[in-house]
Amino acid sequence: MIHSNLLPASKKILLLTCILALFFNCKNNEEKPDEIIIDETIEEAEVISPNLHNLQIGCYLYKENGNMINLDITKNDNPVEGFLTYSLKEKDKNIGVFKGQLEGDKLVGNYTFKSEGKESTRQVAFVLKVNQLIEGYGELNEEGTMFKDINAINYSSTTPLTKSVCQQ
């Protein structure tokens, strides 16, 4: 007497083959993520959105024609802190401390420095662009230490400070 629950060997092999084929077919049909295509012809926006914080710790440097300006950011959370150096051709070198606030893409703070043996403080401002800080200029108070109107600063400096490796 043959038990009804026993299948002949050929049927078992056929059933096993069908199960394996179904398994592999399902595995190959899993959804694959869409490929990401990057269009390199699209240019990045020059000014960073105020919602993005892209001020990096490290050096922002301008160095050309015997002139050098270096802002070494040591802390990029408010208050932003660092060391600022102006070494301009045919002028005294100024080395000092920067402490300011980053609001949106504007970095405004006080620069305390020594020049000709005297300590001074003046307000400086920069606009944050992609990997650059552009210094702003505007009308100063009578002492020449603070901007009269922080909203009237012109950020069109020809000496952009570009994110770079800090120099020793």
Side-chain angles (χ1 to χ4, degrees), residues 28 30-168:
N28 287 336
E30 285 182 0
E31 263 189 54
K32 295 179 183 175
D34 292 336
E35 288 185 36
I36 298 172
I37 298 171
I38 299 173
D39 184 357
E40 294 180 7
T41 61
I42 297 174
E43 295 181 19
E44 281 188 62
E46 188 173 37
V47 176
I48 294 173
S49 166
N51 297 329
L52 297 176
H53 182 279
N54 201 25
L55 182 66
Q56 299 174 23
I57 290 178
C59 293
Y60 289 82
L61 176 70
Y62 170 82
K63 191 172 186 178
E64 280 188 29
N65 303 322
N67 297 312
M68 190 269 301
I69 303 169
N70 184 54
L71 177 54
D72 181 0
I73 303 290
T74 56
K75 180 178 178 278
N76 63 350
D77 293 331
N78 284 331
V80 174
E81 297 176 358
F83 299 97
L84 183 55
T85 302
Y86 289 91
S87 181
L88 304 175
K89 196 176 194 179
E90 300 178 14
K91 295 200 177 199
D92 289 331
K93 184 176 185 176
N94 298 331
I95 301 172
V97 177
F98 173 85
K99 188 172 187 177
Q101 295 290 318
L102 179 64
E103 293 182 18
D105 62 349
K106 304 290 190 300
L107 177 62
V108 179
N110 291 322
Y111 172 47
T112 303
F113 60 98
K114 286 193 177 182
S115 180
E116 298 179 2
K118 179 181 171 190
E119 185 173 282
S120 302
T121 299
R122 72 176 174 91
Q123 194 174 40
V124 293
F126 299 90
V127 66
L128 179 60
K129 295 191 177 188
V130 178
N131 291 321
Q132 289 188 328
L133 289 170
I134 308 297
E135 189 166 3
Y137 298 96
E139 190 175 353
L140 300 174
N141 64 9
E142 290 180 20
E143 296 81 29
T145 58
M146 303 286 286
F147 293 107
K148 280 188 175 180
D149 182 358
I150 206 85
N151 296 315
I153 296 174
N154 181 2
Y155 296 96
S156 62
S157 171
T158 58
T159 57
L161 282 64
T162 302
K163 182 72 175 92
S164 61
V165 175
C166 294
Q167 298 179 348
Q168 300 298 333

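Keep in mind it's a predicted model, so treat the numbers as computed, not measured. Just so you know, these numbers use all the heavy atoms, side chains as well, and skip hydrogens, waters and symmetry mates.
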Next item on the list: Please find out if less than 6.0 Å separates the ring center of F126 from that of Y60.
Entry: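 Aromatic pair excluded; centres sit 6.0 Å or further apart.
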
Notebook entry, point to check: Rounded to the nearest 0.5 Å, how far does CD1 of I57 lie from OG1 of T74?
Noted result: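 So the gap between those two atoms works out to 7.5 Å.
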
Output yes when a side-chain donor or acceptor of [X] lies under 3.5 Å from a complementary backbone atom of [Y], and no otherwise.
X: N131; Y: T162; answer: no
X: N94; Y: Y86; answer: no
X: N154; Y: Y137; answer: no
X: N141; Y: E143; answer: yes
X: Q123; Y: F147; answer: yes

4.5 Å side-chain heavy-atom contact, [X] and [Y]:
X: N110; Y: T145; result: no
X: P79; Y: Q101; result: yes
X: E119; Y: T112; result: yes
X: T85; Y: K93; result: yes
X: N67; Y: Y62; result: yes
X: N151; Y: I153; result: no
X: L133; Y: L55; result: yes

Nearest heavy-atom pair of [X] and [Y]: which atoms, and what distance?
X: Y155; Y: G136; value: CD2-CA, 3.5 Å
X: E135; Y: V124; value: OE2-CG1, 4.2 Å
X: G100; Y: N78; value: O-OD1, 4.1 Å
X: N54; Y: L128; value: C-CD2, 4.0 Å
X: C166; Y: G58; value: SG-C, 4.0 Å
X: Q132; Y: P160; value: NE2-CB, 3.7 Å

Margin query: My understanding is that only residues two or more places apart in sequence, or in another chain, count here; which of them pass salt bridge (Lys or Arg N to Asp or Glu O under 4.0 Å) with E64?
Written below: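 Partners of E64 by the salt bridge (Lys or Arg N to Asp or Glu O under 4.0 Å) criterion come out as none, since no residue qualifies.
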
Note to self: Can you tell me if K163 has over 12 outside heavy atoms packed within less than 6.0 Å of its NZ?
What the structure shows: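 Count over threshold, so yes.
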
